[in-house]
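Everything numeric here is computed off the predicted structure, so don't read it as measured data.
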Amino acid sequence: MGKLNTADIKDYLEIHLPVRVRTLLAHYRMTHERGTESDSRYTGDLGQLEACYLASLVSGRILLNLVGIGIAKDGQGLVKFRFHGSDVGADDLGGSLVSLPLPETDEELLGGLLRMANKAAAHFTTPERHAWQRSHNAILLVHRYVDRHVYQPNGRLILPIWY
């Protein structure tokens, strides 16, 4: 800790992070019935659905970086995220950074989300197959990591998946 004062930390926990968490969860909520794990057929505007999906990927990447998780330059495997200058980490907010390596299933899910965020959402790149069907599992996992490493250490409740 040290980059932020108490008022800044409060702003992150009450304003900035909830926006990212809501964005992370938006596509999941649009495509699932509350109280069930099964996908529901979305009947609204396709552009809104796609925008929420891309935004959830980018928010997932931001939140993973916050807790100290990055992806290797070659896209293979998770690495400790390298913070630069004004970047804020979970430890700056009174939480803790994730220790790597993670369990293999977590590595696979989060690595897939980070690759999609980098390759499919943030840049146009040469074609690559993505396990997009698993992205909702990865989104729920990101939510858990942010809760454990930022919200719980601060004695706060993260926005729930459903509210």
Side-chain angles (χ1 to χ4, degrees), residues 8-73 75-76 78-79 81 83-84 86-90 92-93 95 98 102 105-152 154 156-163:
D8 292 333
I9 293 170
K10 184 175 186 259
D11 281 350
Y12 270 91
L13 294 172
E14 294 178 4
I15 299 168
H16 306 295
L17 284 173
V19 168
R20 297 292 197 240
V21 172
R22 283 191 300 271
T23 304
L24 173 75
L25 297 172
H27 187 269
Y28 181 86
R29 289 183 184 144
M30 291 171 80
T31 58
H32 286 75
E33 298 283 336
R34 183 185 179 120
T36 179
E37 292 296 313
S38 63
D39 290 345
S40 64
R41 204 160 227 335
Y42 177 77
T43 59
D45 180 86
L46 182 60
Q48 290 177 359
L49 183 69
E50 292 167 341
C52 283
Y53 183 69
L54 293 176
S56 71
L57 294 177
V58 172
S59 291
R61 181 175 79 174
I62 291 166
L63 292 168
L64 286 174
N65 293 165
L66 174 76
V67 297
I69 299 173
I71 190 138
K73 288 262 188 214
Q76 303 304 310
L78 300 181
V79 295
F81 180 74
F83 293 93
H84 300 282
S86 62
D87 291 345
V88 172
D92 295 312
L93 299 172
V98 172
L102 300 177
T105 55
D106 289 8
E107 290 247 357
E108 289 174 19
L109 283 172
L110 299 179
L113 184 134
L114 286 169
R115 279 189 298 283
M116 283 189 290
N118 289 344
K119 295 262 187 189
H123 308 277
F124 279 123
T125 62
T126 55
E128 180 178 321
R129 294 235 183 262
H130 297 287
W132 59 268
Q133 303 90 335
R134 299 182 71 202
S135 58
H136 285 153
N137 293 333
I139 285 166
L140 298 177
L141 186 58
V142 171
H143 185 266
R144 277 197 301 273
Y145 274 96
V146 173
D147 184 32
R148 284 187 204 142
H149 290 273
V150 180
Y151 282 89
Q152 288 179 19
N154 281 287
R156 293 177 176 256
L157 296 175
I158 193 170
L159 289 171
I161 295 165
W162 299 105
Y163 51 86

- line: Shortest non-hydrogen pair, Val67 vs His149, comes out as CG1-CB, 3.9 Å
Smallest separation among heavy atoms of Leu66 and Val88, with atom names: CD1-O, 3.4 Å
message: For Arg134, give me all partners under salt bridge (charged side-chain N to carboxylate O under 4.0 Å, His left out), at least two apart in sequence or on another chain.
response: Glu108
message: Minimum heavy-atom separation for Met116 and Ser135, please, with both atom names.
response: CE-CB, 3.7 Å
message: Quick one, Asp87 and Phe81 - any side-chain contact, counting heavy atoms below 4.5 Å?
response: yes
- request: With rounding to the nearest 0.5 Å, note down the distance linking CZ in Arg20 to CG in Leu159.
  value: 13.5 Å
query: His27 vs His136 aromatic rings, parallel, tilted or perpendicular, using cut-offs 30° and 60°?
result: tilted
statement: Closest heavy-atom pair, Ala117 versus Arg61, reported as atoms and distance to 0.1 Å, is CB-CB, 3.9 Å
- prompt: Do you see a donor-acceptor pair shorter than 3.5 Å between the side chains of Tyr145 and Asp106?
  reply: yes
- prompt: Which residues satisfy the side-chain contact (heavy atoms from CB on, under 4.5 Å) test with Val79, sequence neighbours excluded?
  reply: Ala72
- line: Sorted by chain and number, sequence neighbours left out, side-chain contact (heavy atoms from CB on, under 4.5 Å) with Leu157 holds for none
- line: Rounded to the nearest 0.5 Å, the CG atom of Leu24 sits from the CG atom of Leu113 at a distance of 8.0 Å
- request: Please check if the side chain of Asn154 supplies one atom and the backbone of Val150 the other of a donor-acceptor pair under 3.5 Å.
  value: yes
field: Considering all heavy atoms, the nearest Ala138-Leu109 contact
entry: CB-O, 3.5 Å
- prompt: When rounded to the nearest 0.5 angstrom, what distance separates CD in Gln152 from CD1 in Ile158?
  reply: 9.0 Å
- prompt: Closest approach of Leu102 and Leu110, non-hydrogen atoms and distance?
  reply: CD1-CD1, 3.8 Å
message: Measuring from atom OG1 of Thr105 to atom CG of Leu141, what distance do you get when rounded to the nearest 0.5 angstrom?
response: 7.5 Å
field: Residue pair Trp162 / His32, side-chain heavy-atom distance below 4.5 Å
entry: yes
task: For the residue pair Ile69 and Leu114, establish whether any side-chain heavy-atom pair is separated by less than 4.5 Å.
output: yes
message: Could you tell me if the side chain of Leu17 sits less than 4.5 Å from the side chain of Leu93, heavy atoms only?
response: yes
query: So, does Ser56 use its side chain to make a donor-acceptor pair with the main chain of Tyr53 at under 3.5 Å?
result: yes
message: So, taking the atom named CD1 in Ile139 and the one named OG1 in Thr23, what distance separates them when rounded to the nearest 0.5 Å?
response: 11.0 Å
